[in-house]
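First the structure, in the form of structure tokens, and then the observations on it.
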Amino acid sequence: MLSLPYIRENRDLVIKGLGIRNIKDAESLIEAVIDADQQRRSTQAELDAILAESNKISKEIGKLFQSGEVQKANLAKQKTGQLKDKSKELSEQLGNLETELNEMLYQIPNIPNDLVPKGNSEEDNEVVFEEGNIPELHPGSMPHWELCKKYDIIDFELGNKITGAGFPVYKGKGAKLQRALITYFLDRNSEAGYTEVQPPLLINEASGLGTGQLPDKEGQMYHVGIDNLYLIPTAEVPVTNLYRDVLLKESDFPILNTAYTPCFRREAGSYGAHVRGLNRLHQFDKVEIVRIEHPDNSYQALDKMVEHVKGILQELKLPYRILRLCGGDLGFTSALTYDFEVFSTAQNRWLEISSVSNFETFQANRLKLRFKNKDGKSQLAHTLNGSSLALPRVLAGLLENCQTESGIVIPEVLRKYTGFDVID
RNA sequence: GGAGAAAUGGCAGAGUGGUCGAAUGCACUGGUCUUGAAAACCAGCGAGGGUCACACCUCCGGGGGUUCGAAUCCCUCUUUCUCCGCCA
């Protein structure tokens, strides 16, 4: 969430930024926030004055008792009664104002970076890079879900029996290929300086709030009601929350973590076309990279992450492109996002396989993730994350693009991980 | 799951109703000394709100209560440790 001082000091910038996201009534929303904040502060000041008065009297009473002037002390006690009532009333009022203010702040998305183009939907995203050859497939080539069946490597019906739609079972070489990709991604990330972590797969409410999944995206997560925990929709949540309520030193930057985790998403309301096979699942594997950066370096860091993901896709020799998301498609918490898409030859469409974002201070503010700057002041850090990479669609692209008449040819870099060269 | 003990600043650790945002040690920062370092010595050193800056307010695991006044007393929740039970 945006910080109040930031909104106060950059009123016009904020309104303009929300405009890029096509937010209606941005101006009145921000005005309401500033008003509520003003009210909050004056109520706070009023309450503080009363508390100061009552603290003063209490100290005097203490002294009177010690010097044995009990009568005077009892007299002074009476004075505090009124103050108490008043302070109770005010602090209740203050609590309400704060709740109200927070509710408003929770509705305000991050301010887009200047590079973010205006736009309404994914149609308006900007293609900024494209690389790799789209292979000519042999006659009789098929989409990945048919390949999965043909070679018996991923079984959707079986998963359906065990759990339900969107929970496939990986078998034999399919399971091995998946594991190979995970290990390969983790190794690549480690080489690039990311420290590997294995976080919990269930998170509490505070963590969900910290990275912005709550309260706005509650319905997208699986909720374990009995313990009030949520299954993670991405490793971003537990890994970024490692740094919740942390005060860093400048010398701690940059912080680089990578984690492999399964991800769970309810995907409520996204049925219909384009959800076949591996295209959209309720449970999938992903390797994530997370960075905590000094604000001065975060955009440089974002570029590094983009370059890193590019490197992996080049090694896999998959045709891909990079999009800069427009205001209408940009995630709630992000200031700038690059999506990576792999071309699915048999489906003749692009599949999103990675999303790399800079959240600037938006998450850090909720997380209370700060550092001591040169002036000795606490300042919010910047958080970034990206997938490197999401497994199912990489797998889909790989199966489809690497299919030949004699089987699926495993990319060179993966062979030492799979232990086989071809799925046939 | 049962019984007991505990939770204080970056860490360790005092503090059991008032002058305590909190002794002391370590760590850290600056300075003196030194060719440099170490040691020694001196000084500074929790967080948030608020203010031009002060003042002032809040915070001793979370929440609630008693009291004129709570780190200190009471209730409750959470977590950690020890013992018992169960168990991958």
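Lettering of chains follows the sequences in order, A, B, ..., and the numbering in each one begins at 1.
Nucleotide B:C20: unpaired (no Watson-Crick or G-U wobble partner with both distances less than 3.5 Å). Here B:U72 sits opposite no nucleotide as a Watson-Crick or G-U wobble pair (both hydrogen-bonding atom distances under 3.5 Å). Using N1 to N3 plus N6-O4 or O6-N4 for Watson-Crick, or N1-O2 and O6-N3 for G-U wobble, each under 3.5 Å, B:A14 pairs with nothing. Using the Watson-Crick or G-U wobble rule with both distances under 3.5 Å, B:G50 pairs with nothing in any strand shown. Nucleotide B:C45 has no partner under the Watson-Crick or G-U criteria, as no pair reaches both atom distances under 3.5 Å. Base pairing annotation: B:U67 forms no Watson-Crick or G-U wobble pair, as no partner gives both donor-acceptor distances under 3.5 Å. B:A40: Watson-Crick or G-U partner is B:U32, with both key distances under 3.5 Å. Figure legend. B:G4 is base-paired to B:C81; pairs are counted as Watson-Crick or G-U wobble with both atom distances under 3.5 Å.
Toward the 5′ end of RNA chain B lies the nearest nucleotide of A:F65, the other residue of the pair A:F65 and A:R370 mapping further downstream. Along RNA chain B, the nucleotide nearest A:D48 and the nucleotide nearest A:I57 are compared for position; the residue whose nucleotide lies closer to the 5' end is A:D48.
Within 6.0 Å of atom NZ in A:K171, more than 12 heavy atoms from other residues, nucleotides or ligands are found, so the atom counts as buried in its surroundings.
A:D339 and A:S355 are linked by a side-chain donor-acceptor pair at a separation below 3.5 angstrom, with hydrogens and angles left out of the test. No side-chain donor-acceptor contact under 3.5 Å links A:E126 and A:Y338. A:N204 and A:S207 share a side-chain donor-acceptor pair at under 3.5 Å. Looking only at atom types and distance, the side chain of A:Q403 has no donor-acceptor partner in the side chain of A:E146 under 3.5 Å away.
If you walk RNA chain B from 5' to 3' and mark each nucleotide with an atom closer than 4.0 Å to a heavy atom of chain A, the marks span B:G18 to B:G69.
Using atom C1' as the reference point in both B:G31 and B:C45, the two lie 14 Å apart (nearest Å). Taking atom P in both B:C74 and B:U67, one finds a spacing of 16 Å when rounded to whole Å. Comparing B:U82 with B:A43, their C1' atoms sit 44 Å apart, to the nearest whole Å. Rounded to the nearest Å, the gap between the P atom of B:A6 and that of B:U16 is 14 Å. Nucleotides B:A7 and B:U58 are separated by 24 Å at their P atoms, to the nearest Å. A distance of about 14 Å separates the C1' atoms of B:A47 and B:U8, rounded to the whole Å. Between the P atoms of B:U76 and B:G4, the separation comes to 13 Å (whole Å). The C1' atoms of B:A88 and B:C77 are separated by 29 Å, rounded to the nearest whole Å.
Within 4.0 Å (heavy atoms only), A:S54 reaches no atom of the nucleic acid at all. A:A52 comes within contact range of the sugar-phosphate backbone alone, with a heavy-atom separation under 4.0 Å but no base atom that close.
Both the sub-6.0 Å distance and the 45° axial angle are satisfied by A:K173 relative to the ring of A:F420.
A:A235 pairs by the side chain to side chain contact (heavy atoms under 4.5 Å, CB included) definition with A:V239, A:A259, A:T261, A:E288, not counting sequence neighbours.
For A:R370 (side chain) and A:L247 (main-chain N/O), no donor-acceptor pair under 3.5 Å exists by modelled atom type.
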